[in-house]
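Order of the sequence lines sets the chain letters (A, B, ...), proteins ahead of strands, with each chain counted from 1. No experiment lies behind these values; they were computed from the predicted model shown. Values reported hereafter were calculated over all heavy atoms of this structure, with side chains retained and with hydrogens, waters and symmetry mates removed.
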2 protein chains.
Amino acid sequence: MDGRQGGGREPRTPMRADARRSVDALVEGARAVFARDGVDAHVKAIALQAGVGVATLYRHFPRRSDLILAVLESDVDACVEAAHELAAAHPPMDALDLWLDRYCAFVLTKHGLAAALHSDAETFAGLGEQLLERLEPALDALLQATRAAGMTTDAASAMDLLRAVAHLCTPGPAHAAYTRRMIGLLLAGLRYGPLPRPRRTSP
Amino acid sequence: MDGRQGGGREPRTPMRADARRSVDALVEGARAVFARDGVDAHVKAIALQAGVGVATLYRHFPRRSDLILAVLESDVDACVEAAHELAAAHPPMDALDLWLDRYCAFVLTKHGLAAALHSDAETFAGLGEQLLERLEPALDALLQATRAAGMTTDAASAMDLLRAVAHLCTPGPAHAAYTRRMIGLLLAGLRYGPLPRPRRTSP
DNA sequence: CGACGAAATGGAATCGGATTCCACATAGCG
DNA sequence: CGCTATGTGGAATCCGATTCCATTTCGTCG
């Protein structure tokens, strides 16, 4: 990755004003086009929507995944903030549950992009990790609170849960109810701890 | 879908012998190439491996997903059989747990293909449903047994679980331990039932 | 304030691979 | 054995991603 504008906060070389304008337009355009056409939207459509040429797109986002990542980052930040607010406004277990709901809604909305996060191709390798790592401290704080209250076991880490929910959410918005039910089950498992595994008797 | 060779068992018009040979070669070739190059393998590579022309490939499998589906079907059948064997050899809860393990291993092995199952594109729409529907009665039998023994609630159906595990497995073989842990949690949730949801206090 | 060099830009050119087309081959049948 | 519908290979076509480069614009420094 270039690291100049996608993930990094502090560009070493101050970016030229027109370049910053292009990047912003591109991210906004990509958000709109991804929402309309899905994650496999044509590169040209994004450039058109942003009002720039394709070369400009490629200059700033050499790989498609860079663009996806950029689009997702602002949503992630909103999720992090929601965690703090919920923690302040609710008892630990409720805050945890409600935040998972919030996170789930985020992944559901962006499910097309989220699917790309764990595509098998190298194109997307490690793309999602960066997002999850940003989310991790927020969820970890919620979890620490429920653990301190004796409401959950440590059978799964914050990262574990983040991944699990992200995966559970991939089927798409039509299955929102299903997803929420599965997350509820997962949470109950976390509450009571895993079952003892059976001993294998035959191979 | 064509329905002549992919999913259907009984072709209405008896297929010509050379055509059947092509189909078999294609499926075997695709299995090999997918395993080597991943689900995005070049169409040409598959045709080459099968020793046929690309037109032949397209004639029998107009869409890529048809080929993927064909490759997966035999593995699914093995899973169904395993369910029956485990049910006969173990107590209900153990059989369920062990079978989920088996199913998880299957999805993990074919995770590249499994990822395609819930891709957002229409290309793959409904592709996985067919497989899950074949698996569903097998798991349902296992679940009925655990329910009869009072070991699980009906908080999730067989189909629910099938989907959940399939999704949980998508990260890939490297995360096998993680996946198994999450499934354990899910199972514990199923054992004890979901937690009551908190009432929403602020929007 | 007004050049000048580096960075950025747009659109045309290129490239790669999926999909389609069609003239030829062969199985299955009388 | 010959006839017809079905199946086949590979060449032709099409489509979109990626790269290239002549031109424009920014930001700075004299």
Output the single nucleotide from [options] whose closest atom is nearest the side chain of [X].
X: B:Val54; options: C:dT20, C:dA27, D:dG27; result: C:dT20
X: B:Arg64; options: C:dA18, D:dA17, C:dA6; result: C:dA18
X: A:His42; options: D:dG9, D:dA17, C:dA18; result: D:dA17
X: A:Ala55; options: C:dT9, D:dC20, D:dA17; result: D:dC20
X: B:Ala17; options: D:dA17, C:dA8, C:dA27; result: C:dA27
X: B:His60; options: D:dC26, C:dT20, D:dT8; result: D:dT8
X: B:Val52; options: D:dG9, C:dA18, D:dT18; result: D:dG9
X: B:Thr56; options: D:dT8, C:dA12, D:dG27; result: D:dT8
X: B:Asp18; options: C:dA27, C:dA18, D:dA17; result: C:dA27
X: B:Arg59; options: D:dT19, D:dT8, C:dA7; result: D:dT8

Checklist entry - Is there side-chain contact between A:Phe61 and A:Leu69, with heavy atoms separated by less than 4.5 Å? => result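 The answer is no, as the side chains (C-beta and beyond) never meet within the 4.5 Å cut-off.
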
Test your reading of the model: is there a side-chain donor-acceptor pair from [X] to the backbone of [Y], 3.5 Å cut-off?
X: A:Tyr178; Y: B:Ala164; result: yes
X: A:Arg163; Y: A:Leu132; result: no
X: A:Trp99; Y: A:His84; result: no

Using atom [atom1] of [X] as one end and atom [atom2] of [N] as the other, report the distance to the nearest whole Å.
X: A:Leu48; N: C:dT9; atom1: CG; atom2: P; result: 16 Å
X: B:Phe61; N: C:dT19; atom1: CZ; atom2: P; result: 15 Å
X: A:Leu57; N: D:dG16; atom1: CG; atom2: P; result: 16 Å
X: A:Leu67; N: D:dA17; atom1: CG; atom2: P; result: 12 Å
X: A:Lys44; N: C:dG10; atom1: NZ; atom2: P; result: 14 Å
X: A:Asp40; N: D:dA17; atom1: CG; atom2: C1'; result: 13 Å
X: B:Leu26; N: D:dG7; atom1: CG; atom2: C1'; result: 13 Å
X: B:Asp66; N: C:dT19; atom1: CG; atom2: P; result: 12 Å

Checklist entry - 5'-most contact on DNA chain C: A:Arg21 or B:Arg21, nearest heavy atom basis? => result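 First, find each residue's nearest nucleotide; the 5'-ward one identifies A:Arg21.
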
Checklist entry - Under 4.0 Å between a Lys/Arg side-chain N and an Asp/Glu carboxylate O for A:Arg63 and A:Asp66? => result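 Judged by the 4.0 Å cut-off on N to carboxylate O distance, A:Arg63 and A:Asp66 do form a salt bridge.
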
Checklist entry - Salt-bridged, A:Arg191 to A:Asp97, with N to O below 4.0 Å? => result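 Salt bridge flag = no for A:Asp97 with A:Arg191.
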
Next on the checklist: Suppose we call a contact any N or O donor and acceptor under 3.5 Å apart; does that hold for the side chain of A:Arg16 and the base of C:dA8?
Outcome noted: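 Answer no: no donor N or O sits under 3.5 Å from an acceptor.
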
Checklist entry - Looking at B:Ser22, does any N or O in its side chain come under 4.0 Å of the phosphate oxygens OP1/OP2 on D:dG7? => result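 It does not, given that no N or O in the side chain of B:Ser22 lies less than 4.0 Å from OP1 or OP2 of D:dG7.
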
